[in-house]
Amino acid sequence: MSQKNMDDLTAFIGQTLRSGTLGPDAGMGRTRGWDSLAHVNLILALETWAGVPVPPELMGELTTVEALASWLRAQGVLAQ
């Protein structure tokens, strides 16, 4: 598994949500196109992109770019 960086993550999320460039403060409900249905689709796509499953109980907590980045760092997917 190759390690990804923050630019990779924000590009992936922006492309998945069709929202363009996103910053670390982007999140569900405050970013255009990132509603609850888009969030479920994003998490499913993220599992494939990152190669790690997201526990269902975390879906409601991983609702910002920064929260996703922190979790992916802890999983060893995203560079520190």
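One is the number of the first residue; the rest follow in order along the sequence. Bear in mind that the values here come from a model prediction, so they are computed numbers and not experimental data.
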Can you name the nearest heavy-atom pair linking [X] to [Y], along with the distance?
X	Y	result
D8	N5	N-OD1, 2.8 Å
M6	P24	CE-CB, 4.0 Å
W34	I13	CZ3-CG2, 4.3 Å
F12	L42	CE2-CD1, 3.9 Å
G33	A38	O-CB, 3.1 Å

Distance, nearest 0.5 Å, that separates [atom1] of [X] from [atom2] of [Y]:
X	Y	atom1	atom2	answer
T16	R18	OG1	CZ	9.0 Å
L17	M28	CG	CE	11.0 Å
R73	L78	CZ	CG	5.0 Å
L22	R32	CG	CZ	10.0 Å
E61	L68	CD	CG	11.5 Å

* **Derivation of the side-chain contact (heavy atoms from CB on, under 4.5 Å) call for L9 and L46** => CA-CA 9 Å; L9 177 62; L46 181 79; 4.0 Å; yes
* To do: Report, as yes or no, whether the 6.0 Å neighbourhood of atom CD on E47 holds more than 12 heavy atoms from other residues, nucleotides or ligands.
  => yes
* **Neighbour count >12 (heavy atoms, 6.0 Å) for atom CZ, R30** => yes
* Asked: Would you find a donor on one side and an acceptor on the other, under 3.5 Å apart, between the side chain of H39 and the backbone of G29?
  ->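 Not at all, since once roles are kept as given, no pair shorter than 3.5 Å links the two residues.
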